[in-house]
Chemist: 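Quick one: the structure is below, questions incoming.
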Amino acid sequence: MAELTIAQALNAGLALALEEWDEALVMGEDVGRTGGVFRITDGLQDRFGADRVIDTPVAESGIVGVGFGMAVVGMRPILEMQFMGFSYPAFDQVVNHVARIRHRSRHRFTAPLVIRIPYGGGIGAAEHHSESAEAIYAHTPGVKVVVPSRPHDAKGLLLAAVEDPDPVIFLEPIRLYRSVKEDVGEGPVRVAIGSAAVEQQGSDVTLISYGAMMRECREAASAMTAEGVSVELVDLRSLVPLDVETIVRSVEKTGRAVVVTESPRTGGFASEIVTVIQEQALYSLQAPIRRVTGWDTVFPLKRGESLYLPSTERVLRALRATLED
Amino acid sequence: MAELTIAQALNAGLALALEEWDEALVMGEDVGRTGGVFRITDGLQDRFGADRVIDTPVAESGIVGVGFGMAVVGMRPILEMQFMGFSYPAFDQVVNHVARIRHRSRHRFTAPLVIRIPYGGGIGAAEHHSESAEAIYAHTPGVKVVVPSRPHDAKGLLLAAVEDPDPVIFLEPIRLYRSVKEDVGEGPVRVAIGSAAVEQQGSDVTLISYGAMMRECREAASAMTAEGVSVELVDLRSLVPLDVETIVRSVEKTGRAVVVTESPRTGGFASEIVTVIQEQALYSLQAPIRRVTGWDTVFPLKRGESLYLPSTERVLRALRATLED
Amino acid sequence: MRQILTPSGGLVGEAPVDIEMTVRLYRAMVFARAYDRKSMSLQRQGRLATYAPFEGQEAAQVGAAAALEPDDWLVATYRDAAAMWMQGYPLELLFAGRTGHEAGGRPPDHVNVMPPSITVGGHMLHAVGLSWAEKLRGSSRIAMTMFGDGATSEGDFHEAMNFAGVFGVGVVFVCQNNGWAISLPRSQQTASETIAEKAIAYGMPGVQVDGNDVFAVHEAATEAADRARSGGGPTLIEAVTYRMGPHTTADDPGRYRDPEDAEDWERRDPLERVRVYLSERDRWSAEWQAEVESRTFDEVERAITLAESLYDPDPSHIFGAVFESSTPTLDAQRRELESLLEDDD
Amino acid sequence: MRQILTPSGGLVGEAPVDIEMTVRLYRAMVFARAYDRKSMSLQRQGRLATYAPFEGQEAAQVGAAAALEPDDWLVATYRDAAAMWMQGYPLELLFAGRTGHEAGGRPPDHVNVMPPSITVGGHMLHAVGLSWAEKLRGSSRIAMTMFGDGATSEGDFHEAMNFAGVFGVGVVFVCQNNGWAISLPRSQQTASETIAEKAIAYGMPGVQVDGNDVFAVHEAATEAADRARSGGGPTLIEAVTYRMGPHTTADDPGRYRDPEDAEDWERRDPLERVRVYLSERDRWSAEWQAEVESRTFDEVERAITLAESLYDPDPSHIFGAVFESSTPTLDAQRRELESLLEDDD
Ligand SMILES: Cc1ncc(C[n+]2csc(CCOP(=O)(O)OP(=O)(O)O)c2C)c(N)n1
Ligand SMILES: Cc1ncc(C[n+]2csc(CCOP(=O)(O)OP(=O)(O)O)c2C)c(N)n1
Ligand SMILES: [Mg+2]
Ligand SMILES: [Mg+2]
């Protein structure tokens, strides 16, 4: 039984994808020779060759636009953006072409590609290296958006994403890359895109998050459990499609909810989750749904980071306040 | 008293800005010789010269990036993106530089520029010409986002935007450019950025929208009034900063709300408005807040447009359903 | 600037194609012009949404597209209907798009032509990916991409040219330099002397040709296509031509350019010189040309009627094409729309 | 490739500066190297976040920056600390940024240097706007922007060069071609023979110089600055050099390049050749150099201590810099954060 970190699980998943699909290829800045700045593609070029693990010039729009053309011919490009803050030059290609070619061509042409984007703060990095802009991708019709929070899902969602007939934005929680190990299963396991995971059943309050913030949520959930509060913990895993049913069923049961993300608050994906709940479960709500998020500010550098990133303590306060309402 | 359309009011506002501020300049594709594809800058180059009304090469990132540098030196560039669908190549400059330089340089350098972006559907245009992606800009800390729905506000918000010490994304509702005329006031009037307008007082339900959809909302509001329903109609005018107080006060009074936007639903700005209301006025709510929005699909071409754009009829149904809940 | 057939119909050097092929190229140009003019009048009648005419650019589009194999990829723009039609894009689909119907974006399965690019610049990268992937899959297909002088200012032009150069991808970059990007003259689009010389920055050959000389364009395009197919990598072709009409039917060139320019360019008309060339060889007659034109008009009439007769989109049309299979959220939204429509009738 | 001072310290042609200036340039390079090495060790001690060393590129940065007037604009990158320091950016602020404090982004009011660009490519456009605006306001200030070989692949490089060319903006584009973009060698970054020749595509002069020859770099930069200031427009300078260290302290060059290259480049060291040149003219002594180095170390020690002693950010630090004046939403969020912090203690 292989116990792997998220980084290792992604590397293993990429290797499996390159084995399983002749059409699969990996392309991006420094993904080959040096295995990527996070070493996620480590060893793949040696193993699969420079034709399938391609080091590109420094040009994000080029990577996505060229990958798009490859996908139209039937390849399965797995593209890497080095950090989310460097994915914006490719935004036009994602919104105007990758997300739309199926509609534009009435299914004749499609773009079954994956764009891997390391995201999130907490590593004391330089500016642009701590972005959490998942909401702008989730607001783009035509692309799916997934974000694993644990090794097993990292591997399973990656393989599902490569196999998916539509483009998938694959967000990778940087600060969890090497935090925990778990059994990721043998071979090409899949995790269905669009299904949330109820990590812990509970009856008092629903705690909803995804990706990197799941760590703080897990800590908060166990702390509350220790205090005798029954928390239902939901890891969305997929933002588009969103598993509305699981969210709503849970809140109908608990009557209370806290949503946690690290992105800026205004227009963040937490707002979408809150809105879906109030549309479909308003009458079950016994208290306002609370958002625990980053602030509507620029993400600070190392020495200010702790002021910005939601802490386990902040999640706990929100849970308590919601229970007291 | 000058009765002008939104297009004329913008043209007049730009002329006033170029008169009032030596630092003001207009830059974009086709803004000079031909007065812009919507003729919003008509006549300005003849009047103020090619140094202040600048025709650029076809390069949106260049327009914003160069405008950014000009703003840092103290100019007040008013930049035009020809359509919102063509603003994405400049997204990186907006998010990574325009929105952040004040924070990055601790106020030493700022970017007091305005980016004018015609947006929205309803004119049977080609693909990419009907975008309503205001949510991605509103989710970007460091830029303000305003969107007038009438000539008076178009002029007043534009002048306030040029005067604003921070970057402003100025959204222009294409299908209202020439729809209505009204008195826009003499000289350099201002409309404060961050203040919503309560266009009609009411007690039964609050109808919230902005920009192009205000037309359908006005029609729906008067139809309901004719039926004896008292609708409070709010035109946000500004998404960032958001006039939360006006929104919340209204819903506390009416207990019901419908939010209307034409953008795709998931992650649209309507979700932020709904979320703010449920956070601050949940206990006043007598029914779920309804969203009337575009769908999570690609915006269709002319012959499918009516399937996508919210109609007055859709707004009316939402209002009725909300009142019946 | 390479020229083979002078405006007066005389040869400089040798014709790159025989007389039969010359007739075919000429017929295609006559067809293109008739199609373009008919489209303009259809637009005036309100039967088409805005239309982007290409009159004056027939030689550039026909000469370049004629260098492709039937299954090669063509990635072109809103102004390249002639080239797309040459490569097999059905007229009725070109019109379908122009009437505002997505059906226009789906060419028949054997036609490897992308829907016309509406955004300026982005599509060139797609051609690089298409040709590269074909090579990776062992096919000999190549890709040609067409774009204008204005498009060369976009960052994506640079990234596409650079990728093609670095990876030696077999792409034929055809820039139709028609002198204008809406209201911006070529001289203010870039400070380089020619657009062809931009190829140097990417280590690829660049050639400037008289874009109104179908022989010169076709020869250059054929050389480039052969190079691409034989693993010789990309080529940039600058076809110097002129947009005789407005940018689109919504544009008024009178606001920004001197009518005399057009008169000047009329003397360099791409069709007339070939007409002279053919008639000097007894391969042209007024009757024959009238015949081709009237057949074109019938063709166009049939095509536009077909396009107009397409069913207007229904909910499945827009919800069915977001992903291969729908999602609960999309299903719910679709039901919402359907219930609205039902109650409407 | 222009070279004036050979690796062995001999002159090819004429020295562009007198001996006093040569001493100043050399001292700056000695300072730069000492600063760079000290920073590497500070990072190893955990006192700096990741650091991007520039050893090997001292001549390129010092020679280019020395061509600027004190109030000219410099828009450079994470690797250009030497050039920024030359143009007046205080050491303690360079370190402040490296310790993860935004204070590092605010140079003193009289220093016209932008905070180092972390994104690759985007900042070149800013230099174009800065210089253009200065001209519009009647000032004679110009802008110099520095970037790497990898940055030339970004679309923004293309758009910046094109704008500068079209509008004749006085910008000095200095590309430090250090052979690598993280793990990608220059040969795979672009297929053009040189980076300098990319200037042709924008109608501007381009010159390739030995980037390890401070004379050649300085001469080319001075010519370019004069041209820019006198309304002669932009210039592209390619300074061919080599990154002796890792991309950053997080990088391991052993994974992608041959150690022998570095040895090769050591023989072309930018400092050694000037040391020889000066000592042959009795203007260099080991004591003097040791003196400069130890003063540098003190300087650095003082600066890093200052940077470390900065108060850590408080809520006002992040909420106060979003806009000039706060908003109700920001105020509410700030109160939320403050209440959290109060309860913490
Ligand atoms: C990214 C983008 N920016 C702006 C536009 C608006 N626009 C449409 S055509 C055009 C001019 C293009 O000129 P050129 O490339 O020379 O092609 P031509 O129209 O002359 O054939 C512009 C600016 C667009 N479609 N896409
Ligand atoms: C837009 C963007 N893409 C990717 C990166 C990640 N990155 C940082 S430095 C670098 C290589 C830059 O190479 P070069 O321009 O040669 O400068 P050098 O580091 O060699 O000085 C890359 C890809 C980035 N910072 N910004
Ligand atoms: Mg053109
Ligand atoms: Mg480099």
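A, B, ... follow the sequence lines: proteins, then strands. Residue 1 opens every chain. Values below: every heavy atom of this structure, side chains too, minus hydrogens, waters and symmetry copies.
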Chemist: Has A:Arg106 got a side-chain atom pairing as donor or acceptor with C:Arg106's backbone, closer than 3.5 angstrom?
Modeler: no
Chemist: Output the option from A:Arg100, A:Arg104, A:Arg108 having the highest count of non-hydrogen pairs under 4.5 Å with chain C.
Modeler: A:Arg108
Chemist: Can you give me the closest heavy-atom contact between C:Glu159 and A:Gly62, atom names plus distance?
Modeler: OE1-N, 2.6 Å
Chemist: Going by atom types only, do C:Thr119 and A:His97 share a side-chain donor-acceptor pair under 3.5 Å?
Modeler: yes
Chemist: Tell me, for C:Arg141 versus chain A, whether the close heavy atoms (under 4.5 Å) come from the side chain, the backbone, both or neither.
Modeler: neither
Chemist: For the interface with chain C, which of A:Asp164, A:Leu242, A:Thr56, A:Val64 has the highest count of heavy-atom pairs at distances below 4.5 Å?
Modeler: A:Thr56
Chemist: Classify the side-chain pair A:His107/C:Glu324 by whether it contains a donor and acceptor separated by less than 3.5 Å.
Modeler: no
Chemist: How far apart are the closest heavy atoms of C:Asp156 and A:Gln93, and which atoms are they?
Modeler: OD2-NE2, 3.0 Å
Chemist: Is the number of heavy atoms from other residues, nucleotides or ligands under 6.0 Å of A:Tyr283 OH greater than 12?
Modeler: yes
Chemist: Please list, in residue-number order, every residue in residues 83-96 of chain C that has a heavy atom less than 4.5 Å from any heavy atom of chain A; write 'none' if there are none.
Modeler: none
Chemist: Where on C:Val166 is there a heavy atom nearer than 4.5 Å to chain A: the side chain, the backbone, both, or neither?
Modeler: side chain
Chemist: In terms of heavy-atom proximity below 4.5 Å to chain C, should A:Asp92 be classed as side chain, backbone, both, or neither?
Modeler: side chain
Chemist: Please report the closest heavy-atom contact between A:Val240 and C:Phe323, naming both atoms and the distance.
Modeler: CG1-CZ, 4.3 Å
Chemist: Please round to the nearest 0.5 Å and tell me the distance separating atom CG of C:Leu125 and atom CD1 of A:Ile63.
Modeler: 10.5 Å
Chemist: Are there over 12 heavy-atom neighbours, none belonging to C:Glu338, within less than 6.0 Å of that residue's CD?
Modeler: yes
Chemist: Is any residue of residues 72-82 of chain A within less than 4.5 Å of chain C by heavy atoms, and which ones?
Modeler: A:Val72, A:Val73, A:Gly74, A:Met75
Chemist: Tell me, side chain or backbone of C:His158 under 4.5 Å from chain A's heavy atoms, or both, or neither?
Modeler: neither
Chemist: Relative to chain C, which segment of A:Glu23 carries a heavy atom at a distance below 4.5 Å: side chain, backbone, both, or neither?
Modeler: side chain
Chemist: Check the angle between the aromatic planes of C:His126 and A:Phe68 and answer parallel, tilted or perpendicular using the 30° and 60° thresholds.
Modeler: tilted
Chemist: Output the option from A:Gly142, A:Gly69, A:Ala59 having the highest count of non-hydrogen pairs under 4.5 Å with chain C.
Modeler: A:Gly69
Chemist: Relative to chain C, which of A:Pro89, A:Pro241, A:Gly65, A:Pro141 shows the most heavy atom pairs under 4.5 Å?
Modeler: A:Gly65
Chemist: Rounded to the nearest 0.5 Å, what separates atom CG in C:Leu136 from atom CZ in A:Arg52?
Modeler: 10.0 Å
Chemist: Between C:Gly97, C:Ala332, C:Pro107, C:Ala103, which residue shows the highest count of heavy-atom pairs closer than 4.5 Å to chain A?
Modeler: C:Pro107
Chemist: To check you understand the geometry: which heavy-atom pair defines the closest contact between C:Met114 and A:Ile101, and what is its length?
Modeler: CE-CD1, 3.9 Å
Chemist: When heavy-atom pairs shorter than 4.5 Å are enumerated against chain C, which of A:Val244, A:Ile54, A:Asp243 gives the highest number?
Modeler: A:Ile54
Chemist: What pair of heavy atoms forms the shortest contact from C:Phe163 to A:Val66, and how long is it?
Modeler: CD2-CG2, 3.8 Å
